[in-house]
There are 2 protein chains.
Amino acid sequence: MPLDPLSATFAALADPTRRAILARLARGETSVTELAEPFTMSLPAISKHLKVLEHANLISRGREAQWRPCRIAPSALKDVDGWLERYRKFWDENFDRLDDYLQELKAQEHEGNAPDKAKPKPKTEKKRGRKK
Amino acid sequence: MPLDPLSATFAALADPTRRAILARLARGETSVTELAEPFTMSLPAISKHLKVLEHANLISRGREAQWRPCRIAPSALKDVDGWLERYRKFWDENFDRLDDYLQELKAQEHEGNAPDKAKPKPKTEKKRGRKK
DNA sequence: CCTATATTTAACCTATAGGTTATTTAACCG
DNA sequence: CGGTTAAATAACCTATAGGTTAAATATAGG
């Protein structure tokens, strides 16, 4: 019944309201009331969403007088990225090429004499920084 | 009621059984019965999970006589990766440094004369390929 | 202490997620 | 055709997700 951490994280991210809250928090720490402001739903609803995010380790909360400022916690998102890693080859062409290159390196290593097919000219750079 | 695509994807990934199915499919296309084999639950249950994965665009299914082979579909995972992109800076130090560097470049551009603080020595390489 | 503000908790409702067993559908095979 | 194998569908059950309103809790400030 206590969902495993990764499941909890994905479940938390499966709600547009919660993703919107994260998007807001990406711009900086803020209070519950301010987080609730853009939404039409009640404050207790937001409070519940925040609890879900917190249990999923997607946010952490401080305390400052009567406010409970929320901020993004990196660990869970990092775990999602880690989980994605092994599927990257299914869509990332660049990843594919790197993979091929590594395979080939290993092959050369073992044979001493390279098969010399196509000689792909490595280009180690991954080009996976940011879109822009 | 028709969940937006990203929510559907995250919801689909929030179940360990479904993630296990994806992990199996990452090793290659296979049939429903073979997919069900490692699990204790009934075949209709697996069938439902597959439907969820399919609606989330995480898998696609072929037809071969009485078998419906399943394979991974890249688009949804790619979308998750895209969504993650803007949060990467929260945990990826390398990303951070690149970001700083770009900021600085822009600053120089506008001022003509660089502030010359610390002079971080770019190091453009992202080093974000694969773990090992 | 009293009151205003910020947030959580409680009690409740409804829809749906995830499972079950029993029944159908579809395609192959002798 | 009749049997067998592969998979989906139907009908059902139970727990829980996501919302509501009303009440409780915590803190600052006159």
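No hydrogens, no waters, no symmetry mates; every other heavy atom, side chains included, goes into these values. Numbered from 1 within each chain, the chains take letters A, B, ... in sequence-line order.
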Flag, side chain of A:Arg61 to backbone of A:Cys70, donor-acceptor distance under 3.5 Å:
no

Starting from P on D:dT27, measure out to CH2 on A:Trp67 and report it in whole angstrom.
12 Å

Is it the case that one hydrophobic cluster holds both B:Ile59 and B:Trp67, taking links as side-chain heavy atoms less than 4.5 Å apart, direct or via other members?
no

Is there a side-chain polar atom (N or O) of A:Ser47 under 4.0 Å from OP1 or OP2 of C:dT8?
yes

Do B:Asp15 and B:Lys48 pass the salt bridge (Lys or Arg N to Asp or Glu O under 4.0 Å) test, and can you show the C-alpha distance, the side-chain angles, and the key distance before you say yes or no?
CA-CA 12 Å; B:Asp15 184 290; B:Lys48 281 192 185 180; over 6 Å; no

Grab the CZ-C1' distance between A:Arg63 and C:dT8 for me, whole Å please.
10 Å

Nucleotide D:dA17, atom P - distance to CZ of B:Phe10 in whole Å
18 Å

Given atom CG of B:Leu43 and atom P of C:dT20, what is their separation to the nearest angstrom?
10 Å

Got a sec? Which of residues 48-58 of chain B come in under 4.0 Å of DNA chain D, heavy atoms?
B:Lys48, B:Lys51

Would A:Lys51 and A:Glu54 pass as an ion pair if we require N to O under 4.0 Å?
no

Qualifying residues under ring-ring contact (aromatic ring centres under 6.0 Å, His included), relative to A:Trp83, sequence neighbours excluded:
A:Phe10, A:Tyr87

Test your reading of the model: is there a side-chain donor-acceptor pair from B:Arg86 to the backbone of A:Ala23, 3.5 Å cut-off?
no

Provide, to the nearest angstrom, the distance between the CG atom belonging to B:Leu13 and the C1' atom belonging to C:dA17.
15 Å

Closer to the 5' end of DNA chain D via nearest nucleotide, is it A:Gln66 or B:Val32?
B:Val32

Start at the 5' end of DNA chain D and walk down; is the nucleotide closest to A:Met41 or to B:Ile46 reached first?
B:Ile46

Going by atom types only, do A:Thr30 and A:Arg71 share a side-chain donor-acceptor pair under 3.5 Å?
no

Side chain to side chain contact (heavy atoms under 4.5 Å, CB included) between A:Leu58 and A:Leu25: does it pass, once the steps are laid out?
CA-CA 10 Å; A:Leu58 282 160; A:Leu25 290 179; over 6 Å; no

Take the protein atom CZ of B:Arg61 and the nucleotide atom C1' of C:dA26, then report the distance between them rounded to whole Å.
14 Å

Just the atom pairs and distances: protein N or O near nucleotides 23-25 of chain D's N or O, under 3.5 Å.
none

Specify the separation, in whole Å, of atom CD of B:Glu64 and atom C1' of C:dA27.
12 Å

For the pair made of CZ in A:Arg68 and P in D:dT27, what is the distance, rounded to whole Å?
7 Å

With hydrophobic residues grouped by side-chain heavy-atom distances under 4.5 Å, do B:Leu3 and B:Val52 end up in a single group?
no

